[in-house]
Amino acid sequence: MSKTVSALIVAAGRGTRAGGGLPKQYRPLKGEPVLRHTLRALLSHGALRDIQVVIHPDDMALYKAVTAGMPRLRPPVLGGDTRSASVLNGLEALAADAPDTVLIHDAARPFLPPVIIDRLLEALHHAPGAFPALPVVDALWQGKEGRAAAPRSREGLYRAQTPQAFDFATILSAHHSAEEPADDDVALAVAQGIQVAIVEGDVCNYKLTTPQDFARAKRETKMDIRTGNGFDVHAFTKGNHITLCGIDIPHSHALLGHSDADVAMHAITDALFGALAEGDIGQWFPPSEAKWKGAASDIFLKKAVERMAVRGFTITHIDCTIICEAPKIGPHSAPMRQRISEITGIDLDRISVKATTSEKLGFTGRKEGIAAMATATLVKL
Ligand code: CTP
Ligand code: MG
C-alpha cells in the first residue's frame, strides 16, 4: 500500500529581515500572496493527502483570506516563538490523524519544483529522513574585523533547502526529545543520530528572506501561456431537444450520451484540461461510473475551472466551433456564451461560440450527429 504523505508548512514567522508591512508569507508576488504560491506548488504534486499550515496568532484573518477556496487544507494551528516550536505544534496537530510521511516546508519558499518531492519520497525508501540541498560553490572565508582572516574548505558543504521529509513518527519523537531549538529539522534529527539523506535541490527553490530576494523574484517573473484544444462528437437519437453550452434548444432529435451529451461544453472542458495537461473529461468523470449518468455538463466544466485556479492560471480566451447542418446555432449563441461566462467567470468578450455546416458531407452532413471543437488560452503571470 502506498504511504500517506502530509505537508507541514511553517508560516508563523514575522519576516523581520524582509522588511515591508505584511509578514513576508502574505505579501503579494506576481499578483498573489507568497503563501498561496507555496501551497499551490505543493498541491500540484499528486502524492499529498493534505496540508497543515502553522500560523502566527495575529494572522488568522490574513490566512483565511489568502487560502480561500484552496483544497486539502487542514484547519491552521498556531506557531511558537522559534521555528522548531512552530514545527512541533504542526506535528502534534497532525498526530491525531498521523500520516506515514511528513514534508516540512517553509512558507517563504514559493518556487518549489514538484520534482524535488519525487526525489525526497524516493530517498525515504532508504533513510528515515531526506532533504534537498545544493553544494556550496563560492570560496569560503572566515572574516575578522572586516578583513579576510582564514580560508575555509567548501569540500562536502551544502546549503539546506526545504521541504525536509521524514518518517512521521521518527521526527515527532525527535522533536519531543530535543533539548533546544535547531535552525531546521535536519539539524534536530541529526543531533539525535537519525540518518538524513541529501537529495539534489534547485536554485529556484530559494527562501524569500531579504528585500533583495523579493526584487529577484519580481525580475524572474515569467509568463506561462498555454493553448489547449478539445474535440467531441455525439450521435443523434430520438428526442425533441439538445443541450449545447448549457442551453436547451428544441430539435427534431436529441443527442445520445452518458451525461446530457452537451458536445460543445465537453469540447471546451477538454480544451481546458488539455492546456493544463491534466487528461480529459473521461479521466476525471469515468463513463463507467453510474453517478454521471444524465449529469449536467457544467459540473465537468466547473472541475476544469477549479483545477485551473488551483494551478494559478486564468482563461484569456475560449473559441468553440459547433459543426452541424441543423439546428441553426446563430440565434442561440448569445445565451450559450452567457452561460459559459457564468460558469468560467470570464468576460463575455473573451468567449466565442460559432458554427459551421460540413456542406452535407460526412456524418455531420448526413445529420447523424453533432461535432464540436474548442480552443482555450490560459495564462499564468
Ligand atoms: N517560522 C515559523 N515560526 C517561527 C519562526 C519562523 O513558522 N517562530 C517560519 C517562517 O514563517 C518561515 C520559515 O519558518 O516560513 C523560515 O524562517 P525565516 O525565513 O527565518 O522566516 P521569519 O522568521 O518569518 O523571518 P525573519 O527571521 O527575517 O524574521
Ligand atoms: Mg526567522
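Whatever order the structure lists them in is the order used to number ligands and atoms, beginning at 1. Index from 1, following the sequence.
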Inset, instruction - Using a 4.0 Å heavy-atom cut-off, say whether Asp81 meets ligand 1 through its side chain, its backbone, both or neither. - result: backbone

Legend entry - Arg14, portion touching ligand 1 at heavy-atom distance under 4.0 Å: backbone

Legend entry - Under-4.0 Å salt bridge between Lys24 and Asp213: no

Legend entry - Region of Lys24 engaging ligand 1 - heavy atom pairs below 4.0 Å: side chain

Legend entry - Sub-4.0 Å atoms of ligand 1 with respect to non-hydrogen atoms of Gln25: 11 (O)

Inset, instruction - Flag yes if Met308 and Leu43 sit in one hydrophobic cluster, no otherwise; membership is Ile, Leu, Val, Met, Phe, Trp, Tyr, and two members link when side-chain heavy atoms are under 4.5 Å apart. - result: no

Inset, instruction - Using a 4.0 Å heavy-atom cut-off, say whether Ile9 meets ligand 1 through its side chain, its backbone, both or neither. - result: neither

Legend entry - Per-atom contacts, ligand 1 versus Ser86 - under 4.0 Å to a heavy atom: 2 (C), 3 (N), 4 (C), 7 (O), 8 (N)

Inset, instruction - Could you list the residues that satisfy side chain to side chain contact (heavy atoms under 4.5 Å, CB included) with Ala41, not counting sequence neighbours? - result: Leu112

Legend entry - Pairs flagged by side-chain hydrogen bond (donor to acceptor under 3.5 Å, both in side chains) wherever residues 129-153 is involved - sequence neighbours left out: Gln142-Arg152

Inset, instruction - Would you mind checking which non-hydrogen protein atom is closest to atom 12 (C) of ligand 1, with the distance to 0.1 Å? - result: Val10 O, 3.7 Å

Inset, instruction - Tell me which part of Ala12 gets within contact of ligand 1: side chain, backbone, both or neither, using heavy atoms under 4.0 Å. - result: both

Legend entry - Arg83, Gln25, Gln161 screened by side chain to side chain donor-acceptor pair (under 3.5 Å) with Asp106, the one that passes: Arg83

Inset, instruction - Report yes or no: does Gly79 have a heavy atom closer than 4.0 Å to ligand 1? - result: no

